[in-house]
Each structure stands twice: as structure tokens, then as C-alpha cells.
Amino acid sequence: MKYPRLLALEKDEIFLGKMDAVHAQFKDYMKEKSHAKGPRIAYFSMEYGLHSSLKIYSGGLGILAGDYLKEASDKNVPMVAVGLLYRYGYFTQKLSASGEQEVSYEAQNFAKLPISPVRDAQGNWQSIQIAFPGRVVTARIWRCDVGRTELYLLDTDHDLNQNEDRSITYHLYGGDWENRLKQEMLLGIGGIRALNAMGIRQDVYHCNEGHAAFTGIERIRNLIHNDKLSFSEALEVVRSSSLFTTHTPVPAGHDAFPESMIRQYMSHYPDRLEITWDQFINLGKTNPNDPNEKFSMSFLACNLSQEVNGVSWLHGEVSKEILGGMWPGYFKDELHIGYVTNGVHFPTWCAANLKRLYAKYFGEGFRNKDYRIAAWQKVHDITDRELWDARLVLKNKLIDHIRKRVSDPKQFRFDSPRQMIRIQESLRPDVLTIGFARRFATYKRANLLFTNLDRLDSIVNNPERPVQFIFAGKAHPNDKPGQDLIKRIVEVAAMPQFTGKIIFLQNYDMELARRMVQGVDVWLNTPTRPLEASGTSGEKAVMNGVLQFSVLDGWWVEGYKKGGGWMLPMERTFENQDFQNEMDAELIYNTIEEEIAPLYYRRDENNVPHDWVESIKVCVADIAANFTTNRMLNDYEERFYRKLHERHERMVAEDFRMAREIAAWKRRVSSAWDKVHVVNTEQFNMDKEAILIGHGYDVEVVVDIDGLRPEDIGVEMILADQITDNKNVRVIAKRELTFVRQDGSRAFYSVRSTPESTGSFDMAIRVFPKNDKLPHRMDFALVKWA
């Protein structure tokens, strides 16, 4: 804004009145902070997407974390967050003359960002130190106020550090694996030290991805040093207040480091924790003492957290398969891994005109950020004309924005001025517009639309029902296949038949994302199933009345409602991925031609597409309502935060009495477990005796429990479809046996089983440690099979 304009506004009474009203509203909002209730949460993440001006995010994980902090502020949840402050952040994207992605980095001027140094009582800039090989690294602490939520950021780019350490926080996910380890030590260990330095004590510690798993190690060290607990006692305390959220649906996506690298940087930690090196390194492994197995941050997070969750129902199921090897005595369906499906922050992503329209019809609570799901049903009260006009405003804004970009050589790549003019003329707001914008990884299958260019030509150039496609997104600088996807889109977009009908917008960021999810008609998503952990771009779109067309993966498995969007089936037809891609491409073409385009262009005499608007209403009422961060944070509170807080309170009461008792019990059981074995199993003779539904049959199991008490042992009978493949077992029923008597070291357990269904089942007897104080069986997953 130019200086003369500022001088004019300074004397503009109408403007000043509006500014004062906004400021008063903000002050009232912030006053509520002192009334925050509930468990105090510490949230750790490698990235946060708050605004395009603060470049400490790369994609979906960061945007999700940023939305989550905003929602915590709106709900007045007592949360603080910890992350890293990157000098260069993620890269700026440009396209070369040949369509290649070019990467550049622009240094952030911290003095111009919405952050401030954290000072101590004497006015000194607060910092923390971490010991690295042969040196100490110092990180300064910055604060970013996300409404009522405080985000603390650590920065090593200053003259107290050597050059190699100043660069630790240069780039988000930058450098080699050694630098990644440094960043994760800084986030986890340094993050806890930063909170301690500022006197911040929280009740629950939430690791958003395995990057932050070292928080548990530092907390254990503090309990051992400050409270004189043993390692096993401190572990119980830390686990009881820790939640690990994984966002990664493929094993290769979980960070893991060579043991030699961990030893180089953390060889002193076992002494601080009063354990051996083997005990320490095995916290990140599933095969104890295997020197070739890497140290997994996700395995470490699981071992240090009582609760684990995925970010959608389907991702929770996939996570059970990826992480299930940590608990080999249990089948997938028995694991404690839960889920909370991601959501998006309504005030951030919903267009201003739609927010006003929703508030008008949905009720007073909606203006006060109380997004009750039932209130969204009132979208059906909005007239079709009113809702359609609101959508057209957003679409025209998007088209105008794209036209401005296209005319700016710094923001858009074109081959000639003639091509630029043709794009400007071809791009129209009255054409069905489909958007595709996200990180360009191969599993996203951004090129699926270009499988058959003749079919695509007939779709975009249909004389009665034309279609235009808007693409945007970045590929990781080291992901050559992802960059090739972008190059292919640019090549197709330059073909004469597709000029102005297919457009790729460079340098995708939060601002462009906001415009696209508000302005297109349909949001397209084509991941390879089940590699989309959740996905949130589609959630942003549907709250703006943009219809989703996606593979049934991630959040869309739960979100899809017939009449409110379109889907590709979740089940695979072909094992061969090329065949599957070809089939999915045909389904996309057919759906656009036969369902989407006819619905969009079917209008009344006033040019209102009533059937399309009805789909928008179904989309908003029955889909968007369920995928806000408001619902998401409620789920975390109900499923995890309150439960962890209550258990942690019991764990630390009376000088950590419960932690000491459980740790002592686990040590006693562990030391005797090798001797525990099933001596004998007596059951009905299945070879000679017909098994009848409704008839009772006795099963008796004799267990040698030398050194343990009968109540330390649980014995159960398991019926399953099969017990030959641990991954595919479906447990039909479980019956725990009752302790009957003891004879020396032998304990006798029995149960009377009554079959309730027909079929062929496998039966097995499982012996496990039993203690009512355990939160779940995976907390101490020792198992013996008969």
C-alpha cells in the first residue's frame, strides 16, 4: 500500500470505525485465553502452514498442523506448539522453457515476519543448547502468536554456531540424512528444553509424525535426573502422556537412520538414561540387536507413546500393517492403533462471501465458531439462485486471478505472446472448471488424465459441454519422477488443441490454494489406493461448495455421499498398476462426459443449474460438515487427550507410585517370562466328536508359571479364520480362561465354550501378562502360544 493511500485512510472515519471494530473484536477474543480449560497440550511438528508469508511449511502435513493450531485457538484449548524456524523454508518454483521445474530459495527476513524473540526476565534472548559431536549447538527461541495459541520456533542460523550448524535450520527437509537427524534432535530434544527454559509444563505431548519422537527421550532424561526415577519408571510416566500421530501410508516414508549415525550423535544418551546401548538403540527397532536394521523414528515414537493414531479410518488400518511388527503376538484387528480423520480450518479456507451466507442461514453459533454438524443441514434453506450466484462470484475471481498471472512472465511460463493471448481468450468463467493441485508425487497420478489425449480433446473441446482443467503443485527437488509429471502437463497444455483448456500454474502456495479450492467447480484427486493417508485439499474444496471427484482413498472413503460428488472404486481391478491406471483413466473420462458435464450444463430459463446446486447442498450439508478441524480437535480430546491426561495424573500421584508399581511388575514378569510355557491343553476331541452349535465344551490349559503368580497371567482361546498368515488373520472370537487352581508352579485355567456360528475355524491358546493397570495389551506385549 502506497504512503499517500495510508495518509488518506488515516482521516477516513468509515475506515477507522471498521478498524476499531475489528480491533475490539480481537481484544474480546484474546481475553478468553485466561479461561482456557482442559488438558494442557504440547504439540510438536516439523512444519506449520499458517500463512504464505511465513515459509515454514511444504505441503499437507504443515497446512494440517497450522489449521490445528488455529482451531485450538478458536476453541480456547490450552495448547502450545513447537517447531523450527527455517531461513529459506521450502523452495520457490519456476518452470523453464522446456517445462522443467526450477528451484530457487529466498531467504526470509525474520525481522519482517509475524514472530518475536523470546526474552527472559533480564531481557536476554532465550536459547537452548544441544551437545553434538565435539561441539555445542545453540538454538534461539522465537514466538509466533497464532491467536490464543503460542508457537515456539527454534533457529540455529546465528553467529554462536559454526557454519555447518547454522545451516541446520536453513531448509525444510533440506540437506542429507545427517542434517535430517540434526533437525529431528533439535525439534524433539531442543523443543522440550525450550519449554522447560520458559517454565512451560504441559499434561499431554503430541508428536505430529515421527520427526518429533526424541521428545520422549528428553522427557525420560529429565525424570531420571530431576525426580530420581529409573529408566523403566520414567518410561511409564512418559508413555502415559504421549500421543503419536503418523501421516505416512508407506513403510519407506518413515524416517530411519543407520545405527552408526545414531551412535555418532547420541552415544552419550544411554549413560544419561542409565541403560545400555543395546537397550537404547532397540527402542527404534523391531528386531532387537540386528545391526543392519535402521533406527526408525516411528518405532521410537510407538515405544514412547501409549496411544498411536492414523489420520483417516483407512490410514489407521494401513498403519496397523506398517507398524504391526512391533507387536508380533497380536493380529492386525487387535492392535491399539486408532484414527482421527483430518479436517480443515473453516475460517481460513471458506470464502468470505460463503461464510456470510452460511452465518445468515446456519444460526448465531456459526458466527461464534461453533460449527455444530447439525447446523450445516440448513444449507438446504438457501435458495438455488443465491447459492449459485455466490459460487459464480468465486469462480470469476479465480478466472480473473489466472488471467493476471498468465499476463505476467514472472508468474507464468508461455512460449510466445500469441500463446498468452490465446490462453486469455480461451479461459472462460462459464466453462466447467476442474482443479487438480497438490504435491506432485508419482502415487498422486497427476498424468492419469493424459492417458488418452484423443478422449481428452473431445472432452475439453466439446461444443456444447466444454471443460477446462487447472493444475498446480510442486514436486520435491529430489523427486525426478514427480518433476517429470509437471513437465508432461506443461507439454500437453502447450498443444494447440489444449491451449487455454489445460493450464499449469507455477509456485503453488497457500494463497493460490485458497483461490483454487474456492473457485473451481470440481476438485479432482487420483491417488493410487491406499497411498493417500488423508488428504485435506478436497476437504477445503467441499466446504466452498466445490464437488469432489476422487478415488475412494484417505478421507473420501468416509466422506463420499452419492449425489454430493463422484468416486472411483476403492477395490483394485488389476494387480498390474499400468492396467489399473488405464482403467481408472477410462472411468474418469466416462464420468466427466456422462455424469459431471451433463449435470453442470443442465440449466433452467434463468441459467441456474438446479440439479448441480442440489449436489452442492448435499456436499456442504452431509460432507463438509464432518471435516472441519473443529470436529477433528473434538475427536482428539475425546479419544486421546482426556484419557492420557487422566492416566498421567494417576501415574505421577503420590510420588509416582503407580509408575513405580507398574515398572516393578513389568521387570518381575519380564525376568520370569522365558520360563513360562504351556504344559498341556485339554479340549473336546474334534476328531471323534461332532461340534454342535449351542452345546458347551470344556477347555483346560495348564501353564507353568514358575516365579509368577496366577493373577499375573492371562490365558485366552482364540478362534480365527486362519492362523497361518499374521497379516490376514481375522479373529472371530476370544474367550479368556478362568484360573481354577495351582499345583506347585503349574496353574490350571479353564473355560466352557459354546459355538455360536458354523464354519471352519482355527483355534489357538495365547498366554499373556495380565494387569488391570495396563491401558491396553500392546503396552506390554509379551506372548506365549500353546
Side-chain angles (χ1 to χ4, degrees), residues 133 177-178 180-181 184-185 188-189 210-211 213-221 224 229-236 238-239 242 244 246 251-306 308 319-331 335-337 662-677 707-708 726-727 766-769 777-785:
W177 277 105
E178 185 172 355
R180 178 72 69 89
L181 176 60
E184 296 186 7
M185 290 179 67
I189 297 169
H211 309 132
F214 286 131
T215 54
I217 294 294
E218 180 65 11
R219 292 179 61 210
I220 289 174
R221 187 189 73 86
I224 292 172
L229 299 182
S230 67
F231 173 81
S232 59
E233 293 164 348
L235 177 61
E236 294 299 324
V238 168
R239 281 180 56 83
S242 297
F244 165 46
T246 174
H254 294 257
D255 285 0
F257 302 96
E259 182 173 341
S260 58
M261 188 182 293
I262 298 294
R263 189 185 291 273
Q264 178 185 357
Y265 279 86
M266 307 189 76
S267 59
H268 56 294
Y269 267 82
D271 287 341
R272 294 184 176 186
L273 303 179
E274 300 176 4
I275 56 176
T276 67
W277 173 258
D278 286 342
Q279 286 175 296
F280 178 78
I281 200 67
N282 286 337
L283 289 170
K285 296 184 176 185
T286 57
N287 301 306
N289 305 319
D290 179 356
N292 297 316
E293 183 182 1
K294 289 185 176 181
F295 183 88
S296 165
M297 295 298 286
S298 293
F299 292 165
L300 175 65
C302 286
N303 278 320
L304 301 183
S305 302
Q306 176 182 305
V308 181
S319 298
K320 292 176 182 178
E321 295 179 359
I322 294 175
L323 302 172
M326 298 190 63
W327 308 282
Y330 292 92
F331 306 119
L335 299 181
H336 69 304
I337 297 174
I662 292 177
W665 177 80
K666 286 184 177 180
R667 287 194 298 268
R668 182 167 59 82
V669 172
S670 296
S671 63
W673 193 249
D674 285 344
K675 299 178 183 178
V676 174
H677 65 279
L708 296 177
N726 187 43
K727 291 185 178 180
R766 180 165 59 190
V767 179
F768 59 94
R777 294 269 283 278
M778 271 47 71
D779 186 76
F780 192 42
L782 298 178
V783 164
K784 287 287 180 73
W785 293 95

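Between atom CD of residue Glu321 and atom CD1 of residue Ile337 there is a gap of 10.5 Å, rounded to the nearest 0.5 Å. With rounding to the nearest 0.5 Å, the separation of CG in Leu304 from CG in Leu235 is 6.5 Å. Going from atom CE of Met261 over to atom CE of Met266 covers 13.0 Å, rounded to the nearest 0.5 Å. Ile220 contributes atom CD1, which lies 10.0 Å from atom CD of Glu236 (distance to the nearest 0.5 angstrom).
When atom types are taken as modelled, the side chain of Glu259 and the backbone of Glu293 share no donor-acceptor pair closer than 3.5 angstrom. Counting only distance, with no hydrogens or angles, the side chain of Lys285 and the backbone of Ser296 share no donor-acceptor pair below 3.5 Å. Using a distance-only test at 3.5 Å, with no hydrogens or angles considered, a donor-acceptor pair links the side chain of Glu233 to the main chain of Ser230. Distance alone, capped at 3.5 Å, places no donor-acceptor pair between the Ser305 side chain and the Cys302 backbone. In this structure a side-chain-to-backbone donor-acceptor pair under 3.5 Å is missing from Lys666 to Phe780. Between the side chain of Arg667 and the backbone N or O of Ser232, no donor-acceptor pair lies under 3.5 Å. A donor-acceptor pair under 3.5 Å is formed between the side chain of Asn282 and the backbone N or O of Asn289.
Minimum heavy-atom separation, Phe280 to Phe295: O-CE1, 4.0 Å. Nearest heavy atom pair, residue Ala234 against residue Ile224, reads CB-CG1, 4.1 Å. The nearest pair of heavy atoms linking Phe299 to Leu323 is CE2-CD2, 3.8 Å.
Annotation: side chain of Leu782 is in contact with side chain of Ser670 (closest heavy-atom distance under 4.5 Å). In this structure the side chain of Ile262 never reaches within 4.5 angstrom of the side chain of Lys294, judged on heavy atoms. In this structure the side chain of Trp665 reaches within 4.5 angstrom of the side chain of Val669, judged on heavy atoms. Looking only at side-chain heavy atoms (C-beta outward), Lys784 and Arg766 stay at 4.5 Å or farther from each other. Here the side chains of Pro288 and Asp278 are not in contact, with every heavy-atom distance at 4.5 Å or above. Looking at Phe257 and Glu178, their side chains never come closer than 4.5 Å, going by heavy atoms from C-beta outward. Side-chain contact between Glu274 and Phe231 is absent, with no heavy-atom pair separated by less than 4.5 Å. Residues Asn303 and Phe244 form no side-chain contact, since every pair of their non-hydrogen atoms from C-beta on lies 4.5 Å or further apart.
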For the pair Met297 and His211, evaluate side chain to side chain contact (heavy atoms under 4.5 Å, CB included) and give the outcome as yes or no after the intermediate values.
CA-CA 7 Å; Met297 295 298 286; His211 309 132; over 6 Å; no
With side chain to side chain contact (heavy atoms under 4.5 Å, CB included) as the test, would you mind laying out the steps for Ile217 and Leu273 before giving the verdict?
CA-CA 8 Å; Ile217 294 294; Leu273 303 179; 4.3 Å; yes
Determine whether Thr246 and Ile322 satisfy the following criterion, side chain to side chain contact (heavy atoms under 4.5 Å, CB included), listing intermediate values before the conclusion.
CA-CA 11 Å; Thr246 174; Ile322 294 175; over 6 Å; no
Does Val767 form a side chain to side chain contact (heavy atoms under 4.5 Å, CB included) with Trp785? I'd like the steps, not just the answer.
CA-CA 6 Å; Val767 179; Trp785 293 95; over 6 Å; no
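The aromatic ring centroids of Trp277 and Tyr269 lie 6.0 Å or more from each other.
In summary, Arg239 and Asp779 engage in a salt bridge, as defined by a charged side-chain N under 4.0 Å from a carboxylate O. A salt bridge does not link Arg221 to Asp271: none of the charged nitrogens lies less than 4.0 Å from a carboxylate oxygen.
Classification of the Trp327-His336 ring pair by plane angle, with boundaries at 30° and 60°, yields perpendicular.
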